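Count residues from 1 along the sequence. Everything numeric in this text was worked out from a predicted model, so none of it was measured.
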Amino acid sequence: KKTAEAAAPVAEAAAPVAETAAPAAETPTVIDVRNPGTGEVVGSVPVVSADEVAAKVRELRLFQPEWEAIGPDGRKEWLLKFQDWLIDNTDTLADVVQSETGKPRVDSLIDPAFATDLVGYYARRAAKFLADDHPSPHSPLARVKKLTTAYKPYPVVGVITPWNFPLAMPALDVFPALAAGAAVILKPSEVTPLSALEMARGWAEIGAPPIFAVVTGAGATGGAVVANADYIQFTGSTATGRKIAVACAERMVPYSLELGGKDPAIVLADADLDRAAHGIAFGGMFNSGQVCISVERVYVEAPVYDEFVAKLTANVKALRQGIDGRESKHDVGALANENQANIVQRHVDEAVAAGARVLTGGKRAGFGTAFEPTVLVDVDHTMSCVTEETFGPTLPVMKVADEAEAVRLANDSIYGLSASVWTGDKERGERVARQLNAGAVNINDVFANLFSFALPMGGWGQSGTGARWGGADGVRKYCRQQAITTPIL
Ligand code: NAD
């Protein structure tokens, strides 16, 4: 869709972009944003051009030194003001998240809550995390020196995000970078750009320095961010991550890639099966399975397989699916877009054609893009539902002979984002965890690592390089290390 009014939303969200907007002759392209549950158009945003992105980055570069100079304590004041703004605007923010994702109300509230928690964590700790280190000299040659490692932020960090948590996902990376003293240019997903624009609105509303901007658009706008920023923090698919790695390598610009996953859950025979069935149903179906660390395949020891499958299926069947208003009435909503629904249907159809059985679900839910919560059995590692990321509400379940087979199959994947182990013996759980190729392992739980900013969140293999958070690492990654030696005599 083409329209000359396209520049307006950018002007509101990140005023300086409008000043550098292309001449009127170049009609900008606009992206309509839809509620995938109802099909209703809930907003539209302009496609910001590569030239506009470059100009925006130049402008951020001018303001960043002042932001760096006020130090972590000065930045803390602004970040905590923004945290207050998030708290004051939680309902409105959840409205926007809900409108562009079709999530249930309770899930939409998680976005602002998560962002609020994260901003506070890094605002309060950045000073400690960014303090100089003074390591002891090891050699007689350096004994007469004071050794210092100082942390100096990259001027402009580019953050590129997907659509599954349209407010939380950007916030999780934008605020550690701001806390580090960098300026940030954010390119949210074209599927859900409205929540990110709300963040920019809030930043302007509290009167904070102009060191954070949002540019909307699709891959080309993201490509322009990659071509101009000094560090790239990318979250999204493995295919796009690979392109970004190549582009960053050409510019010699560092990057961190948080990519896709195919997380296994291992249910050992000594597990509390009620807890495991409940937790895995939640881990597979929360956000319609559109979480990078969703449970995407389940391995169950043979003696408890039948009982576990019956309990899991009962949990999944009990889920209420639909579109919420402001009242929370449903557990599962729509998928982000038609493309996602087609991937889920293909994975189910290919599995069934190869001999799998659907115990519940297996088809579209009858409204918008929604797909029914689905349990599949008689699956194996030749099927796309087990080898490819589905990113939808499906739980393929496999019977295994023992722990060793479960570990072998869990590790038989190109991905390595996270995993869960369900057992009555926590020490055994930790032993199994250490054998898994995964950046995070939760024992008797799902998603617990997501709420632990002191831990790193990063994928192995095709699930990414680098990590977000991890306490001090979460801000130091946005800094260059500078070694300073000073004579002490
Ligand atoms: P995607 O790769 O299609 O898009 C992600 C972002 O990259 C979007 O903003 C998109 O516009 C932009 N983009 C596309 N092409 C680009 C290019 N050539 N250069 C620069 N930017 C470009 O991913 P998606 O479909 O939006 O998100 C779903 C994926 O995200 C899933 O694979 C999921 O596992 C992953 N994900 C990972 C994590 C994690 O922390 N590991 C978290 C959430 C989602």
Side-chain angles (χ1 to χ4, degrees), residues 110 114 118 160-165 168-169 172-173 189 233-242 244-245 255-267 279-280 282-299 336 340 343-344 347 381 384-396 398 406-422 429-430 432-470 473-474 477:
I110 285 175
F114 210 173
L118 188 280
I160 302 176
T161 54
W163 40 258
N164 56 341
F165 292 92
M169 223 53 251
L172 299 182
D173 293 323
S189 167
Q233 171 63 43
F234 172 77
T235 308
S237 65
T238 299
T240 309
R242 189 170 290 118
I244 288 176
Y255 57 86
S256 180
L257 305 175
E258 322 303 330
L259 310 177
K262 191 74 194 171
D263 287 6
I266 294 178
V267 182
I280 291 171
F282 176 64
M285 302 305 165
F286 168 64
N287 209 33
S288 287
Q290 301 169 118
V291 187
C292 52
I293 58 171
S294 286
V295 178
E296 290 235 354
R297 48 201 172 108
V298 189
Y299 302 97
Q340 277 308 119
I343 294 171
V344 180
H347 284 186
H381 278 228
S384 52
C385 71
V386 177
T387 58
E388 295 174 19
E389 184 181 46
T390 306
F391 225 54
T394 59
L395 280 170
M398 272 156 283
V407 168
R408 188 165 48 75
L409 289 175
N411 285 341
D412 178 26
S413 173
I414 58 169
Y415 295 109
L417 195 51
S418 85
S420 60
V421 180
W422 303 81
E430 287 187 6
V432 173
R434 286 166 202 276
Q435 298 171 55
L436 295 175
N437 293 329
V441 183
N442 295 303
I443 294 156
N444 294 340
D445 210 341
V446 287
F447 306 153
N449 63 306
L450 260 193
F451 299 93
S452 312
F453 305 136
L455 293 176
M457 185 202 176
W460 298 359
Q462 302 288 303
S463 291
T465 62
R468 60 164 63 90
W469 315 329
D473 290 348
K477 68 183 271 191

Pair up each side-chain donor or acceptor in residues 445-462 with any protein partner under 3.5 Å, not counting sequence neighbours, and list the distances.
unit_1	atom_1	unit_2	atom_2	d
Asn449	OD1	Asn442	ND2	3.0
Ser452	OG	Ala448	O	3.0
Gln462	OE1	Arg242	NH2	2.4

Partners meeting salt bridge (Lys or Arg N to Asp or Glu O under 4.0 Å) with Lys477 (sequence neighbours left out): none
Side chains of Leu172 and Thr235 in contact at under 4.5 Å (non-hydrogen atoms): no
Residue pairs, two or more places apart or on separate chains, that pass salt bridge (charged side-chain N to carboxylate O under 4.0 Å, His left out) and touch residues 459-468: Asp173-Arg468
Reported CG-to-CG distance for the pair Asn411 and Leu436, which is rounded to 0.5 angstrom: 5.5 Å
Beyond-backbone contact of Thr240 with Ile160, side-chain heavy atoms, under 4.5 angstrom: no
Reported NE2-to-OG1 distance for the pair His347 and Thr394, which is rounded to 0.5 angstrom: 8.0 Å
Ser413 side chain to Tyr415 backbone, donor-acceptor under 3.5 Å: yes
Residue pairs involving residues 283-294 (criterion salt bridge (charged side-chain N to carboxylate O under 4.0 Å, His left out); sequence neighbours excluded): none
Side chain proximity check, Lys262 to Leu417, heavy atoms < 4.5 angstrom: no
Phe234: ring-ring contact (aromatic ring centres under 6.0 Å, His included) partners, not counting sequence neighbours: none
Nearest-0.5 Å distance, CD1 of residue Ile266 to CD1 of residue Ile443: 11.0 Å
Exam field: side chain Gln435 to backbone Val407, donor-acceptor pair closer than 3.5 Å: no
Ser463 side-chain N/O to Gly260 backbone N/O, donor-acceptor pair under 3.5 Å: yes
Under the side chain to side chain donor-acceptor pair (under 3.5 Å) test, residues paired with Tyr299 that sit two or more places apart: Arg297, His381
By side-chain contact (heavy atoms from CB on, under 4.5 Å) - contacts of Ser189 (at least two apart): Trp163, Val191, Thr192
Donor-acceptor under 3.5 Å (Asn164 side chain, Gln290 main chain): yes
Check: Val295 and Asp263 side chains under 4.5 Å, non-hydrogen atoms: no
Partners passing side-chain contact (heavy atoms from CB on, under 4.5 Å) against Thr465 (at least two apart in sequence or in another chain): Tyr255, Leu257
Heavy-atom side-chain contact between Thr238 and Glu389 under 4.5 Å: no
Any residue meeting side chain to side chain donor-acceptor pair (under 3.5 Å) with Asn444, in chain and number order, not counting sequence neighbours: none
Those residues that, when tested against Ser420, pass side chain to side chain donor-acceptor pair (under 3.5 Å) (two or more places apart): Trp422
Any residue meeting side chain to side chain donor-acceptor pair (under 3.5 Å) with Glu258, in chain and number order, not counting sequence neighbours: Gln233, Ser256
